[in-house]
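This report concerns only the one structure given below.
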2 protein chains.
Amino acid sequence: MAGTKLDPIDRRILAELQADGRMTNVELARRVGISAPPCLRRVRTLEEAGYIRGYHADIDPRELGFEVQVFAMVRLHSQAEVDLSAFEQRCRDWPLVRECHMLNGEIDFILKCVAPDLSTFQSFLTEGLTSAANVASVKTSLVIRCAKDEPGVPFDVLEARLSRTA
Amino acid sequence: MAGTKLDPIDRRILAELQADGRMTNVELARRVGISAPPCLRRVRTLEEAGYIRGYHADIDPRELGFEVQVFAMVRLHSQAEVDLSAFEQRCRDWPLVRECHMLNGEIDFILKCVAPDLSTFQSFLTEGLTSAANVASVKTSLVIRCAKDEPGVPFDVLEARLSRTA
DNA sequence: CGCAGTCGCGAAATAATATTGCGCACAGGC
DNA sequence: GCCTGTGCGCAATATTATTTCGCGACTGCG
């Protein structure tokens, strides 16, 4: 099973850093029950192994004047790999698009977008997204409110699975 | 306009910490062009003012054995506030649900879910989500791949807007 | 068994960073 | 022009990060 290469301390470290990425190494070491040097070594190893992709401050878009958040469901004409990649690259170039996930089923892509106001988003939608090559249809839904926004992985589920196997 | 209470240095700090939340204060101060003590004071102020909600390690779910990521589009029978809130609370209690956004339009909620494998997700879908009170329909789409996953806010867009106004 | 190799820990020392206290400079109001 | 509030930088101190080193536990093999 995946995640088995990690021992319980490693998983604990990941869980703690997911919850608070700016925790000092001393505090982290205290929480996971080892001393600081091996704790730091483990963190570095986890970073280099790709378990930790990075650290980010969680900034509220609305506080910064990005009042509008939108999910856009996109359908393309062609699903040839070359065309999929081209669309993905265009999404990477649009700053208002924060996430771009390719899906199975009817919808080819779902995009999470932000914008300062509705008219900015409308401009992007009409002049950018909808008019982009290969785009067949775009359905958008405004986010009214966000009830939950947890990062990453539910470590409690992971631990439960592992203890069941062990 | 929102975000106006922040001066260019504050916005720069937010941008840097969004990109790398574990940057040392010394390095951050160097990048934004002030000395360390006032830089730290600004960070603390931004945290307390709610511009920074927290810091999180960005952990790859797949590396930890969460192979399945799903977007679930949920429609409810009743959109009365009490029923919306009840559904949101249920989402908060489901660890596999990482995000829950209320939308306008046909779909009432979109959920971002993770699971170790498809059967775990199916169980959650049938026994949890679909059979929950007030849920009218659930459409799910598996994430094939993720082309972009940027956190938070596009600061370049923000700066462009502010310079246009100024 | 017993022995060598490997691995990870922790203590101690050192380097770097965070944090506090204080004095100075600038801007706006009177 | 003076006074006050705001925010800076410098210097000192506390805390943390990082390296180095040696020890003990486990494992695989003779």
Side-chain angles (χ1 to χ4, degrees), chain A residues 1-60 63-65 155 158-159 162-163 165-166, chain B residues 1-60 63-65 155 158-159 162-163 165-166:
Chain A
M1 185 192 303
T4 305
K5 293 151 291 183
L6 301 178
D7 67 14
I9 295 180
D10 287 324
R11 294 194 301 271
R12 190 80 186 281
I13 288 174
L14 292 175
E16 294 287 348
L17 286 179
Q18 178 173 274
D20 177 6
R22 275 217 118 175
M23 189 181 301
T24 68
N25 183 59
V26 169
E27 172 65 10
L28 180 61
R30 196 189 60 72
R31 292 199 187 192
V32 305
I34 60 178
S35 66
C39 184
L40 187 61
R41 281 192 292 262
R42 280 167 180 264
V43 171
R44 294 282 182 264
T45 303
L46 291 168
E47 287 169 357
E48 280 158 28
Y51 289 99
I52 300 176
R53 289 185 289 208
Y55 303 88
H56 304 286
D58 175 16
I59 292 169
D60 188 347
E63 290 282 333
L64 278 171
F155 278 94
L158 180 60
E159 295 299 335
L162 292 175
S163 67
T165 309
Chain B
M1 186 193 301
T4 305
K5 293 151 293 183
L6 301 178
D7 68 13
I9 295 181
D10 287 324
R11 295 195 299 271
R12 190 79 186 282
I13 287 174
L14 292 176
E16 294 288 347
L17 287 179
Q18 178 173 271
D20 178 5
R22 273 218 117 171
M23 190 181 301
T24 68
N25 183 59
V26 169
E27 172 65 12
L28 180 61
R30 196 188 61 71
R31 293 198 187 192
V32 304
I34 60 178
S35 66
C39 184
L40 187 62
R41 282 192 291 263
R42 280 169 180 263
V43 170
R44 295 281 181 264
T45 304
L46 291 168
E47 288 169 356
E48 279 158 28
Y51 289 98
I52 300 176
R53 289 185 290 207
Y55 303 88
H56 305 286
D58 175 15
I59 291 169
D60 189 346
E63 289 282 334
L64 278 171
F155 278 94
L158 180 60
E159 295 299 336
L162 292 175
S163 66
T165 309

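On a predicted model such as this, the values are computed, not experimentally measured, just so you know. Each chain gets a letter, A, B and so on, in the order the sequences are listed, and its residues count up from 1.
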Run the side-chain contact (heavy atoms from CB on, under 4.5 Å) check on A/R31 and A/M23 step by step: do they pass? CA-CA 10 Å; A/R31 292 199 187 192; A/M23 189 181 301; 3.8 Å; yes
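- Side chain of B/H56 to backbone of A/Q18: a donor-acceptor contact under 3.5 angstrom is found.
- Axis angle, first five pairs versus last five pairs of the helix from C/dC1-D/dG30 to C/dC30-D/dG1: 30°, rounded to 10°.
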Verify salt bridge (Lys or Arg N to Asp or Glu O under 4.0 Å) between A/E48 and A/R44, making sure each step is shown before the conclusion. CA-CA 6 Å; A/E48 280 158 28; A/R44 294 282 182 264; over 6 Å; no
Quick tally for nucleotides 8-20 of chain C: nucleotides whose base has a protein heavy atom under 4.0 Å get B, sugar-phosphate-only ones S, the rest -, giving SBBBB----SSSB
Applying side chain to side chain donor-acceptor pair (under 3.5 Å), run through A/E47 and A/Y55 and close with a yes or a no. CA-CA 10 Å; A/E47 287 169 357; A/Y55 303 88; 2.7 Å; yes
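- A distance-only check finds a donor-acceptor pair linking the side chain of A/R11 to the backbone of A/L6 [under 3.5 Å].
- Partners of B/P37 under the side chain to side chain contact (heavy atoms under 4.5 Å, CB included) rule, at least two apart in sequence or in another chain, are B/S35, B/R41.
- Between A/D7 and A/R12, none of the side-chain N atoms (NZ, or NE/NH1/NH2) sits under 4.0 Å from a carboxylate O, so this pair counts as no salt bridge.
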